[in-house]
Colleague: 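One structure, as C-alpha cells, below. Some questions next.
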Amino acid sequence: MSDRVRDLHQRAIEEINSGRPAVGARLLREALRLADRAEPLTARLLGTLAAAEVAQGNTGRALELLDEADEVVTAEDRHLLLSQRALVAVLTGRMDDALSLFDDAILRLRRTDQKAALTRVLLNRGMLHQIAGRVRLALADLDQCAQLGASLGPDEGMPRTVAKAVHGRGQCRVLTGDIPGALRDFDIAAEVYADQGQGMLAVLAGDRARALLAAGLPSEAATELDTFLKRVPELRMGHEHAEAELTMARARLAAGDPAEARRWADRARLHFRRRRNDTWAAVAELAMLRADFAAGNGTVRVARAAARLADRLRSLGLRNDAEEADLLAARTYLARGRTAEARVHLSGRDRPGAPLTTRLLRRLVLAELGAAEGDQRRTFAEARAGLALLREHRGRFGSLDLQTGTTSLGGELARAGLAAALENGRPEVVYRWLERSRAQAFRFPPVRTPADEHTVDAVAELRQLAREARAAELKGSQDTDALRRARQLEREIRAKGWRTDGVGGRSAEVGFGEVKAELADADSVLVSFLVDGGRLLAQVVGDRRADLLGLGGTAAVFEAIARLRSDLDAACGRRLHPALEQVIHTSIRRQLGVLSEHLLDPLLPAIGDHNVVLVPTGALSAMPWGLLDALRGRPVTVTPSPSAWVSAKRTTRPAGPVLLVGGPNLKHSSDEVRRLARIYPDSTVLDGDDATVDNALAAVNRSSLAHFASHGHHEQENVLFSRLDLVDGPLMAHDVHQLAAVPDHVVLSSCDIGQAVVRAGDEILGFTAALLYSGSRTVVSSVARVDDEAAVEVMTAYHRALARGVPPGEALADATRSEPLMPFVCHGWGG
C-alpha cells in the first residue's frame with residue numbers, strides 16, 4: 001500500500017471529522033482507485049467511505065460498501081467494521097442493532113492495545129446512549145472517552161475526539177437541565193473545533209439552540225439555528241440539517257406559532273425519510289402532532305395517531321419520546337372529554353431521570369385530568385409539583401435572562417392551577433396561585449457574572465459604538481456599521497451571562513395573612529390583575545376583605561394603553577400645530593376614558609380612599625396609572641408581586657450619601673441637578689464632563705439615593721441593554737446587574753426607562769426591573785416620553801417632599817398633581 005493511499009485516507013478522515021463528508025468521500029474514492037484491493041487497508045477505506053456516504057444521505061450505498069469491506073477485512077480490523085456498521089445503524093435509526101455492534105467492537109478493542117480506536121468507539125456509543133435518553137450510561141462512556149483520549153496526546157486526532165466527548169457531555173447536561181454547564185462544555189469544544197474542525201462549529205450551533213430552547217428562550221434558539229441553516233448548503237450535513245429543522249419546529253412551537261412549527265417539522269420528517277431514517281422521522285411526526293394540538297386541532301384522530309406513535313417510538317428504543325407521545329394522546333383525549341381513554345395513556349410514573357419537559361408535561365396532564373374529573377385537590381397537587389420542578393430548574397441559572405425565561409409548559413401549569421383556584425373562589429387560594437404564577441425570578445438572589453477580559457473589552461467597545469451611533473443620530477443620520485457591531489457585542493455579553501450558575505436559595509412566598517397585616521399597616525389595598533380568557537380580573541385585598549372583580553376585555557384595555565402611550569410620545573415636549581395638538585389631546589382623553597371605564601371604575605368601591613399597591617399583568621406593566629383621574633393625587637405603587645412589595649416594605653436601611661447625575665444633550669438636566677443639589681447640600685454631583693459611566697458606577701455603589709437626569713432608552717428587542725446616556729457612553733441595565741450594591745432609592749428622570757419586556761409568568765426585564773432585582777427598594781421612572789422642562793419642576797417638588805420625610809408614593813402623587821401628562825410611576829415600595 002503506497003504512502004499516497006495512506007495519506008489520502010488520513011486526509012479523508014480529517015475532512016469527515018471536520019464536517020465535510022463530501023470532500024472526504026472524494027479523497028477515499030481516489031485512494032481506492034490507487035489501492036491494491038488485497039491489502040488490509042482496503043477494508044478501512046471502504047468502511048470510512050461508508051461513513052462518508054451515510055453522512056450525505058446515501059445509506060444504500062453505505063451498506064453496499066460495508067458488505068464489500070466484510071469480504072476483505074482482517075481479524076485485527078474487525079472492530080473498525082463493526083463500529084462503522086453501528087454508525088450506519090445509528091444514522092438510519094436502528095438503535096438496538098447499533099448498540100449491539102458497538103458493544104461487540106468495544107469488547108474486542110478492550111482485548112487489544114488499540115486505545116485510540118477504543119476512544120472513538122466509546123465516543124460513538126456514548127452518543128447513541130444520549131440519543132436514546134440513557135444519560136447516565138452516555139456520561140460514563142463520554143467521560144471514559146475523554147480521559148483515555150487526553151492520555152494519548154495530540155496524535156491521531158485525539159484533541160478533537162476529546163472535544164467531541166465534551167460536546168456530548170454538554171448535550172447530556174441539556175437533558176438533565178444543567179444549561180449553564182452545557183453551554184460551558186460547548187465553549188470548551190468550540191475552542192478545539194475552531195482550530196481543528198470548522199464544520200463542527202455549525203453542529204455546535206444546533207446544540208446550543210437546543211440548550212437555549214430548554215432554558216425557555218425560543219427566539220434566541222431560533223437565532224442560533226438560523227446561523228446553522230445558512231451554512232447547510234456548503235456543509236452538506238444532511239442528518240444535522242434535518243435535526244436543525246426539527247429543533248426549529250420546537251422553537252416555533254415554544255414561541256406560540258404552531259402553524260410554522262408544523263411546517264418545519266414536516267420538512268424535517270421528509271428529510272429524514274429521504275435518508276431512510278425512520279426513527280428520526282417518527283420523532284418529527286411527534287412534533288407535527290404537538291403542533292396540531294397546540295393549534296386547537298385536538299381531535300380523536302390526533303389522539304389515536306399519538307397513541308400509535310408512542311408504540312412505534314417505544315419499539316425503536318426512544319422511551320422519552322414514546323412517553324411524550326403517550327402524554328400527548330392522554331391530553332388530547334382529555335380535551336375531547338374522554339377521560340377513560342386518557343387514563344390508559346397515563347399508566348407510567350414520573351421518572352426523576354427523564355427530561356424536564358417530559359416530567360412537566362406529565363404533571364400538567366395529571367392536573368388537567370383532575371380538573372376534568374372535578375378533583376381540585378389533585379389539580380392543585382400536580383400543578384404545584386410541576387411548578388416546584390420548574391423552580392428547582394430555574395435555581396440552577398445565575399443569569400436573570402434565563403431565570404425570567406420559562407418553558408411554555410410552566411405557563412400552562414400555572415394557568416391550570418390558577419383556573420382551579422378561580423373555580424374554588426376562596427380568596428386565600430386565589431392569592432396563593434397568583435403568587436405562584438408570576439414574577440418568580442424575584443425570589444432568587446442576584447448573581448453577578450464573573451468579569452473576564454473578553455467581556456470587559458466587549459462592554460468597553462459597546463459603549464464606544466453606542467456613543468458613535470448616538471452622535472450620528474443627533475446629526476440626523478444612522479451609523480449602520482456601529483449598530484450592527486453593537487448588536488453582535490450585546491449578544492456575546494448576554495451569552496456570557498447564560499453560563500453562570502445560580503447560587504441556590506430562594507425567598508419564601510409571603511402568606512395571605514401576612515400581606516393583609518402589612519397592607520393594614522400601610523393603609524393600602526392590593527390590586528392583583530390577571531387574565532382569564534379574553535377578560536381581565538382583579539383580586540382586591542385589604543386588611544378586612546378580599547374581592548375578585550371582573551373588569552373589561554383585554555383587547556380593549558391593552559389597545560387603549562398602546563394608543564395612550566403613542567399619544568403621550570407624540571405630545572411630549574413638541575411644538576405642534578394647534579389643530580394636531582387638539583387631535584392628540586382629544587385622543588389621550590378618549591383612551592383614559594376607556595381605561596377608566598374598563599380598568600379602574602369597577603375597582604373604586606373596593607379601593608375606597610386607601611393607598612393603592614398594583615400588581616400588573618402583561619401590557620398593564622406600561623400603564624401610566626397617575627394619569628387616571630380617580631388616581632390623581634393618590635399614592636400608587638407598582639410591584640411585581642405581593643411578596644416583592646412586602647419584602648421591600650420590611651427592608652430598612654440607614655440613610656446614606658446622595659448622588660445626582662446630569663446627562664449630556666439634555667437642555668434642562670444641569671438645571672435639574674443644580675436645583676436638587678440645593679435640597680441635598682452634601683450630595684455628590686456628576687455633571688458635564690464628570691458624568692462618566694465609571695464615575696457614576698463608582699458613586700452609585702456607595703449611595704442610598706441616586707437621581708439621574710438624562711436621556712433614557714428602553715430596548716424592546718435587547719432589553720438588558722436598555723440604557724441612560726452619560727457623557728462618555730451609555731450606562732446599561734447590564735451594568736446594574738454587575739453592581740455589588742445599588743441605592744435604596746433611584747429616580748430616573750428619563751424617557752421610557754420605566755418600561756419592561758414582560759415574559760411568560762409576568763417575569764419582567766428592563767432598566768427599572770434591573771434595579772429592583774438588584775435590591776433597590778424604590779425606583780421612580782417613566783413609562784413614556786417625558787417633557788424635560790416640566791420634569792425639572794416635578795422632580796424638584798418630589799425631592800423637596802422626600803427631604804421632609806414624605807413617603808415616595810405620596811411625594812410623587814403630590815409632585816405630579818398639577819402636571820396632567822407626566823407618566824412617572826413609583827415602583828417597588830411607595831410607603
Side-chain angles (χ1 to χ4, degrees), residues 451 455-479 481-483 485-486 489-490 493 573 657-678 680 683-703 705-715 718 720-739 742-743 746-754 767-768 770-771 779-782 785-789 791-792 795-796 799:
T455 306
V456 170
D457 289 346
V459 170
E461 185 182 351
L462 182 60
R463 263 192 254 285
Q464 177 61 28
L465 289 168
R467 193 177 172 188
E468 292 171 11
R470 178 66 173 158
E473 186 180 300
L474 291 172
K475 292 177 182 174
S477 61
Q478 194 175 52
D479 189 337
D481 289 341
L483 291 172
R485 174 64 179 155
L489 288 169
E490 287 171 359
I493 295 165
V658 174
L659 170 67
L660 306 173
V661 183
N665 305 313
L666 193 60
K667 186 176 178 182
H668 302 285
S669 63
S670 292
D671 181 32
E672 186 170 322
V673 167
R674 278 195 297 273
R675 289 195 190 197
L676 300 186
R678 287 197 284 273
Y680 306 108
S683 58
T684 298
V685 177
L686 299 176
D687 196 20
D689 291 342
D690 293 333
T692 64
V693 174
D694 282 348
N695 285 345
L697 290 175
V700 82
N701 249 341
R702 307 188 298 267
S703 304
L705 170 62
H707 178 103
F708 289 84
S710 62
H711 281 296
H713 309 271
H714 172 71
E715 289 287 338
N718 216 351
L720 291 177
F721 296 91
S722 296
R723 61 196 184 276
L724 300 171
D725 282 353
L726 297 187
V727 70
D728 60 340
L731 191 158
M732 303 173 287
H734 169 80
D735 298 313
V736 173
H737 286 303
Q738 305 309 311
L739 289 171
V742 290
V746 180
V747 182
L748 304 173
S749 181
S750 313
C751 296
D752 296 327
I753 211 72
F767 198 99
T768 294
L771 285 162
V779 182
V780 170
S781 56
S782 171
R785 291 187 63 187
V786 177
D787 182 333
D788 302 331
E789 187 173 1
V792 176
M795 286 300 145
T796 303
H799 282 282

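As the structure is a prediction and not an experimental result, all values here were calculated from the model.
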Colleague: Looking only at the side chains, is there a donor atom on one of D687 and S670 sitting less than 3.5 Å from an acceptor on the other?
Modeller: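 S670 and D687 do have a side-chain donor-acceptor pair below 3.5 Å.
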
Colleague: Any heavy-atom pair between the side chains of T684 and V658 that's under 4.5 Å?
Modeller: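 No - every pair of side-chain heavy atoms lies 4.5 Å or more apart.
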
Colleague: Answer yes if the side chains of T796 and E672 hold a donor-acceptor pair under 3.5 Å, and no otherwise.
Modeller: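 Distance-only check fails for T796 and E672.
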
Colleague: Atom CG of D735 and atom CZ of F767: how far apart are they, to the nearest 0.5 Å?
Modeller: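 Rounded to the nearest 0.5 Å, the CG-CZ separation comes out at 8.0 Å.
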
Colleague: Let's go through D725 and H713 carefully: what are the C-alpha distance in whole Å and the side-chain angles of both, what is the deciding distance for side chain to side chain contact (heavy atoms under 4.5 Å, CB included) to 0.1 Å, and is it a yes or a no?
Modeller: CA-CA 8 Å; D725 282 353; H713 309 271; 3.0 Å; yes

Colleague: Measure the CG-OG distance between L748 and S781 for me, rounded to the nearest 0.5 Å.
Modeller: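 With rounding to 0.5 Å, CG (L748) is 5.5 Å from OG (S781).
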
Colleague: How long is the gap from OG on S710 to CG on L724, to the nearest 0.5 Å?
Modeller: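 Rounded to the nearest 0.5 Å, the OG-CG separation comes out at 4.0 Å.
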
Colleague: List the steps, then state whether side chain to side chain contact (heavy atoms under 4.5 Å, CB included) holds for L726 with V661.
Modeller: CA-CA 9 Å; L726 297 187; V661 183; 3.8 Å; yes

Colleague: Got D689 and V727 here, is their nearest side-chain heavy-atom distance under 4.5 Å?
Modeller: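 Answer yes - side chains close enough.
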
Colleague: Hey, is the main chain of G663 close enough, under 3.5 Å, to the side chain of H711 for a donor-acceptor pair?
Modeller: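 Between the backbone of G663 and the side chain of H711 there is no qualifying donor-acceptor contact (under 3.5 Å).
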
Colleague: Would you call D481-R485 a salt bridge at under 4.0 Å N-O?
Modeller: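 Here D481 does not pair with R485 in a salt bridge, since their nearest N and O are not under 4.0 Å apart.
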
Colleague: Where does the angle between the aromatic ring planes of Y680 and H799 fall among parallel (under 30°), tilted (30 to 60°) and perpendicular (over 60°)?
Modeller: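 The rings of Y680 and H799 stand perpendicular, inter-plane angle above 60°.
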
Colleague: When you look at V693 and L697, which way does the side chain to side chain contact (heavy atoms under 4.5 Å, CB included) test go after all the steps?
Modeller: CA-CA 6 Å; V693 174; L697 290 175; 3.7 Å; yes

Colleague: Considering all heavy atoms of both residues, which atom of R702 and which atom of P657 are nearest to each other, and what is their separation?
Modeller: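 That would be O-CD, 3.4 Å.
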
Colleague: Quick check: closest heavy atoms across H734 and F721, and the distance to 0.1 Å?
Modeller: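 Nearest pair, atom of H734 first, then F721: CB-CE2, 4.1 Å.
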
Colleague: Test side chain to side chain contact (heavy atoms under 4.5 Å, CB included) on L720 and M732 and set out the steps.
Modeller: CA-CA 7 Å; L720 291 177; M732 303 173 287; over 6 Å; no

Colleague: Looking at D479 and R467, is there a salt bridge between them, counting it only when a charged N and a carboxylate O are closer than 4.0 Å?
Modeller: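 So R467 does not pair with D479 through a salt bridge.
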
Colleague: Between S477 (side chain) and A472 (backbone), is there a donor-acceptor pair under 3.5 Å?
Modeller: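 The answer is yes, because a donor-acceptor pair under 3.5 Å joins these two groups.
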
Colleague: Which distance, rounded to the nearest 0.5 Å, do you find between the CG of L660 and the OG of S683?
Modeller: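 Answer rounded to 0.5 Å: 4.0 Å.
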
Colleague: Find the distance between CG (D671) and CG (D788) and round it off to the nearest 0.5 Å.
Modeller: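 D671 atom CG to D788 atom CG measures 11.5 Å (nearest 0.5 Å).
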
Colleague: Side chain of R723, backbone of P730: donor and acceptor closer than 3.5 Å?
Modeller: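 Not confirmed, R723 side chain does not pair with P730 backbone.
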
Colleague: If every non-hydrogen atom of V673 is compared with every non-hydrogen atom of A709, which pair is closest and at what distance?
Modeller: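 Scanning both residues completely, I find the closest heavy atoms to be CG2-CB, 4.4 Å.
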
Colleague: So which atom in A677 and which in V685 form the shortest heavy-atom distance, rounded to 0.1 Å?
Modeller: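 The answer is CB-CG2, 4.0 Å.
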
Colleague: Minimum heavy-atom separation for I753 and T768, please, with both atom names.
Modeller: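 What the structure gives for the nearest pair is O-OG1, 2.9 Å.
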
Colleague: Looking at every non-hydrogen atom in both residues, tell me the closest pair between S749 and A791 and how far apart they are.
Modeller: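 Looks like OG-CB, 4.0 Å.
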
Colleague: Once rounded to the nearest 0.5 Å, what's the spacing between atom CG of N695 and atom CG of L731?
Modeller: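 With rounding to 0.5 Å, CG (N695) is 11.5 Å from CG (L731).
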
Colleague: Take a 6.0 Å sphere around CD of E461 and say whether it holds more than 12 heavy atoms from other residues, nucleotides or ligands.
Modeller: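 Counting neighbours around CD of E461, more than 12 heavy atoms of other residues, nucleotides or ligands fall under 6.0 Å, so yes.
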
Colleague: When you compare the side chain of H707 with that of L659, does any pair of heavy atoms fall below 4.5 Å?
Modeller: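 Contact flag for L659/H707 side chains = no.
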
